[in-house]
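Let me begin by presenting the structure, written as structure tokens, before commenting on it.
Side-chain atoms are counted along with the backbone in the values below, which use heavy atoms only and exclude waters and symmetry mates. Worth saying up front: this structure is predicted, and the values here are computed from it rather than measured.
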Amino acid sequence: MQLREQQTVYATQLLELQILQTENAQLRKLLEVSQHADYPMQMAEIVYVERDIFSAKFLWTKVRRKM
């Protein structure tokens, strides 16, 4: 039974990651980062969101531009 519970946890985490990746892609498309701004800016990508609704923690990484 322990392996099935662990599989359920991993499946849930994978689904959350896939949702975040899709959301990040949609946001990048909406922002159209390729446009030049009058000020310097750095894209960031959310890679983790805390499940506890009372702590509001998240982790992000800088996005490297593809040449």
Side-chain angles (χ1 to χ4, degrees):
M1 189 68 170
Q2 186 179 5
L3 288 176
R4 288 183 191 237
E5 290 173 3
Q6 190 174 17
Q7 182 183 14
T8 301
V9 169
Y10 289 152
T12 302
Q13 290 174 344
L14 178 61
L15 181 59
E16 290 173 353
L17 175 61
Q18 291 170 336
I19 290 169
L20 283 174
Q21 288 174 333
T22 301
E23 185 176 321
N24 282 329
Q26 291 171 344
L27 289 172
R28 266 191 240 104
K29 185 176 178 181
L30 287 173
L31 291 173
E32 296 180 15
V33 175
S34 62
Q35 293 180 351
H36 296 284
D38 294 337
Y39 50 87
M41 62 181 208
Q42 173 68 51
M43 279 288 290
E45 186 173 79
I46 297 172
V47 293
Y48 174 78
V49 177
E50 179 66 41
R51 290 185 190 175
D52 181 6
I53 61 172
F54 300 106
S55 67
K57 294 179 183 176
F58 62 94
L59 174 67
W60 70 91
T61 62
K62 289 182 180 179
V63 174
R64 295 180 185 204
R65 293 183 182 219
K66 296 179 182 176
M67 299 287 188

| query | Going from CG on Leu17 to OG1 on Thr12, what distance comes out if it is rounded to the nearest 0.5 angstrom? | reply | 12.5 Å

| query | Who passes salt bridge (charged side-chain N to carboxylate O under 4.0 Å, His left out) against Glu16, sequence neighbours left out? | reply | Arg51

| request: Give me the other members of the hydrophobic cluster that Ile19 sits in, counting Ile, Leu, Val, Met, Phe, Trp and Tyr linked by side-chain heavy atoms under 4.5 Å, directly or via other members. | output: Leu15

| request: Just jot down the side chain to side chain donor-acceptor pair (under 3.5 Å) partners of Gln6, sequence neighbours excluded, or say none. | output: Tyr10

| query | Should we count CG of Leu3 as having more than 12 external heavy atoms under 6.0 Å? | reply | no

| Above 12 or not: heavy atoms from other molecules or residues under 6.0 Å from CD of Gln18? | yes

| note | Contacts of Glu5 meeting side chain to side chain contact (heavy atoms under 4.5 Å, CB included) (sequence neighbours excluded), chain-then-number -> Met1

